[in-house]
Novice: 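Let me begin by handing over the structure; questions about it come next.
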Amino acid sequence: MKDVRVRFAPSPTGNLHIGGARTALFNWLFARHNNGKLILRVDDTDLERSTGDSMKAILDGLKWLGIDWDEGPVYQSKRLELYKKYADELVRQGKAYYCFCTKEELDIMRSEAQKVGKPPMYTGKCRNLSPDEVKKYIDEGKKYVVRLKVPKEGKTVVHDIIRGDVEFDNSTFDDFIIMKSDNMPTYNFATVIDDYEMKISHIIRGEEHLSNTPKQILIYEALGFEKPEFAHVSMILAPDRSKLSKRHGATSVQKFRDLGYLPEAIINYITLLGWVPSDGEEVFTTEKSIREFTLDRVSKNPAIYDTKKLTWLNGIYIRDYNIDRLTKEVIPFLISKGLISDDYDYNYIRKIVSAVREREKTLSEIADAMSYYFVDDFSYDEKGVKKYFEKDGVENILREAVETLKKVDDFNLIETENVYRDLIERLNIKSGDLFHPTRLAISGRTFGPGLFDIIELLGKEKTIKRIEKAIKYIESIKQR
RNA sequence: GGCCCCGUGGUCAAGUGGUUAAGACAUCGCCCUUUCACGGCGGUAACAUGGGUUCGAAUCCCGUCGGGGUCACCA
């Protein structure tokens, strides 16, 4: 294979959604697998909709995911002379022509075509304008676009690595525009010029471009350029099978980041949407996917993304993550939830993260699960109250517990558990009769880390205070 | 509507003419356990449909249906 050069070419008109991210990812995996290069190109020929903010969001998203590129970003808006040069050349060779039709005229043509039940195609009105007429119109200052002369007959076939050969009848295309009246190239034209100039070997992009591809091939042929390989990756659909959009909740990479997902988990998950390693293992590193990634293994079906599976994967990564890295990721969530301020005790937080992470699936959930370590004033879980606090004699058991704990000097996991076990034996009760109410008293919850982990983390003073507070609470509800 | 792509459980997805049609998530049950998770075990659940071809079809062909894309001076 010749030198592999692929590109990711977003148009900066929104944020990086998971479909775009996966396209970028597949390009990246393909480049890395083949020791090739990934070029980042910015398709910003739509002046109206392109924004710098969007560009920044996309770049940030890629970086955060760990998708790096070897060249670029190259901005199409800075290469306008190039497109003009090629367009002029096509006109000179008679393969393209100026069209002076206005938008209004075109609208009329379209609606008339539809009236008689024909596809709304350009009629080719300006295709055979004489040089004199062209000159006259230009001198009059008439605006014009450049259209490609599309052959009326024959077929154009797209050789697609994922889909095989796809044939299109040339008669279904009209003389489409390659240069707009504001001197900007259209997408199809600029794409071909740039992919050629940048020596792109494989064009890997979303399936929504498949119908564009024959048009681009027509341009390649008019220009006499050698064609690259094509691979159209199926789209990622929203849960209702429609195209991804804002109304579907979390669809952008940024949004998942804010929700507390880890980049590794997202990468793993979106890789899985259309590709699996040969051994079928679904949890894998990027090293492995780079090693094994080939386009012919990419699935043809569109995929509906499933947040539940992403969340499950995220949980796996959270459990595996280096504890310091995880702690650093959790801290911003703790701050934004108002649980800690800037002068936090890192080591203490790390211990708590370590204790709670086992049972949480997102960074945000970890932060929520840590709340009672920082807040004394929490309410008790309602069901827990019914089940444990309203039971006869709990307050007495807890009183005994307080007395026992007070005597512990070395207030650690092992010592506290020992005295608790002794107490259970002495009182002749079941361990649950003591453990459950204690947990509820000191955390407000019925679930969480091991009871003695919590006790040790909380420390003697807080543990005892909270149990005493719970005793008062129990007395108050029993009086009623 | 024309053209194009796609169609295996709720979701992702193995499968390339002969399989008891994998696996994962989700879901349900059981086990583990001081709780919740994790983990383990087990269950429910699929080849859109109708015709061919073939000894034999999820796999090949055609029609139908369904979903999606595209037909812009958007990309």
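Below, read A as the first sequence line, B as the second, and so on, with proteins coming before strands; counting in each chain starts at 1. The analysis underlying the following values was restricted to heavy atoms, covering all of them including side chains, and did not include hydrogens, waters or symmetry mates. Everything numeric in this text was worked out from a predicted model, so none of it was measured.
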Novice: So does T45(A) get a side-chain nitrogen or oxygen closer than 4.0 Å to the phosphate oxygens (OP1/OP2) of rA75(B)?
Specialist: yes
Novice: Take atom NZ of K308(A) and atom C1' of rC28(B), then tell me their distance rounded to the nearest Å.
Specialist: 14 Å
Novice: Heavy-atom distance under 4.5 Å between the side chains of F176(A) and I219(A), does that happen here?
Specialist: yes
Novice: Might you work through the ring pair (Phe, Tyr, Trp, His ring centres under 6.0 Å) test for F8(A) and W69(A), ending with a clear yes or no?
Specialist: CA-CA 9 Å; F8(A) 178 57; W69(A) 53 91; 9.2 Å; no
Novice: What is the distance, to the nearest angstrom, from the OH atom on Y269(A) to the P atom on rU11(B)?
Specialist: 12 Å
Novice: Identify the nucleotide, in any strand shown, that forms a Watson-Crick or G-U wobble pair with rA48(B), with both distances under 3.5 Å; if there is none, say none.
Specialist: rU64(B)
Novice: Which nucleotide in the list rA75(B), rC73(B), rG69(B) gets nearest to the side chain of L106(A)?
Specialist: rC73(B)
Novice: Return the nearest nucleotide to the side chain of F447(A); candidates are rU35(B), rC6(B), rU11(B).
Specialist: rU35(B)
Novice: Give the rounded distance in Å between these two atoms: CG of N301(A) and C1' of rC47(B).
Specialist: 12 Å
Novice: Scan every strand shown for a Watson-Crick or G-U wobble partner of rA58(B), both distances under 3.5 Å, and answer none if you come up empty.
Specialist: none
Novice: Between K361(A) and L47(A), which has a closest nucleotide on RNA chain B that is more 5'?
Specialist: K361(A)
Novice: Between T446(A) and H436(A), is there a side-chain donor-acceptor contact under 3.5 Å, judged purely by atom types and distance?
Specialist: no
Novice: To the side chain of K103(A), which of rC3(B), rA13(B), rC73(B) is closest?
Specialist: rC73(B)
Novice: Give the rounded distance in Å between these two atoms: CD of E360(A) and P of rU35(B).
Specialist: 17 Å
Novice: Which whole-number value in Å describes the distance from M179(A) CE to rC74(B) P?
Specialist: 12 Å
Novice: Under a 3.5 Å limit for both distances, which nucleotide forms a Watson-Crick or G-U wobble pair with rG1(B), could you say?
Specialist: rC71(B)
Novice: Ignoring the backbone of K243(A), work out which of rG69(B), rG10(B), rA24(B) is nearest its side chain.
Specialist: rG69(B)
Novice: Quick one: is K309(A) getting a side-chain N or O under 4.0 Å of the rA13(B) phosphate, OP1 or OP2?
Specialist: no
Novice: Let's see if you can work this out: which of rC74(B), rG10(B), rU35(B) has an atom nearest to the side-chain heavy atoms of K180(A)?
Specialist: rC74(B)
Novice: Measure from NZ or CZ of K142(A) to the centre of the six-membered ring of Y137(A), then state whether that distance is under 6.0 Å and the direction lies within 45° of the axis.
Specialist: yes
Novice: Between rA13(B) and S299(A), is there an OP1 or OP2 to side-chain N/O distance shorter than 4.0 Å?
Specialist: yes
Novice: Could you pick out which residue, K300(A) or D169(A), lies toward the 5' side of RNA chain B when each is mapped onto its nearest nucleotide?
Specialist: D169(A)
Novice: When you get a sec, tell me which of rG7(B), rA75(B), rU35(B) is the closest nucleotide to the side chain of R439(A)?
Specialist: rU35(B)
Novice: Can you tell me which nucleotide in rU34(B), rA14(B), rC12(B) comes closest to the side chain of V276(A)?
Specialist: rA14(B)
Novice: Between the side chain of N268(A) and the main-chain N/O of E264(A), is any donor-acceptor distance below 3.5 Å?
Specialist: no
Novice: Of the candidate nucleotides rC3(B), rU70(B), rU34(B), which contains the atom at the shortest distance from the side chain of R421(A)?
Specialist: rU34(B)
Novice: Out of rG23(B), rA26(B), rU70(B), which has the shortest distance to the side chain of E282(A)?
Specialist: rG23(B)
Novice: Please state the C1' separation for the pair rG68(B) and rU27(B) - nearest whole angstrom.
Specialist: 28 Å
Novice: Identify the nucleotide, in any strand shown, that forms a Watson-Crick or G-U wobble pair with rC41(B), with both distances under 3.5 Å; if there is none, say none.
Specialist: rG29(B)
Novice: Provide the Watson-Crick or G-U wobble partner of rA24(B), both distances under 3.5 Å; none if there is no partner.
Specialist: rU11(B)
Novice: Once you round it to whole Å, what is the distance between P of rC74(B) and NZ of K215(A)?
Specialist: 12 Å
Novice: Can you tell me the pairing partner of rU34(B) across any strand shown, Watson-Crick or G-U wobble, with both distances under 3.5 angstrom?
Specialist: none
Novice: Given atom CG of L237(A) and atom C1' of rG69(B), what is their separation to the nearest angstrom?
Specialist: 10 Å
Novice: Between rU34(B), rC73(B), rA24(B), spot the one nearest the side chain of R147(A), thanks.
Specialist: rC73(B)
Novice: Has T13(A) got a side-chain atom pairing as donor or acceptor with S50(A)'s backbone, closer than 3.5 angstrom?
Specialist: no
Novice: Could you state the CD1-P distance from I162(A) to rC6(B), rounded to the nearest angstrom?
Specialist: 11 Å
Novice: Both distances below 3.5 Å, Watson-Crick or wobble geometry, any strand: find the nucleotide opposite rU53(B).
Specialist: none
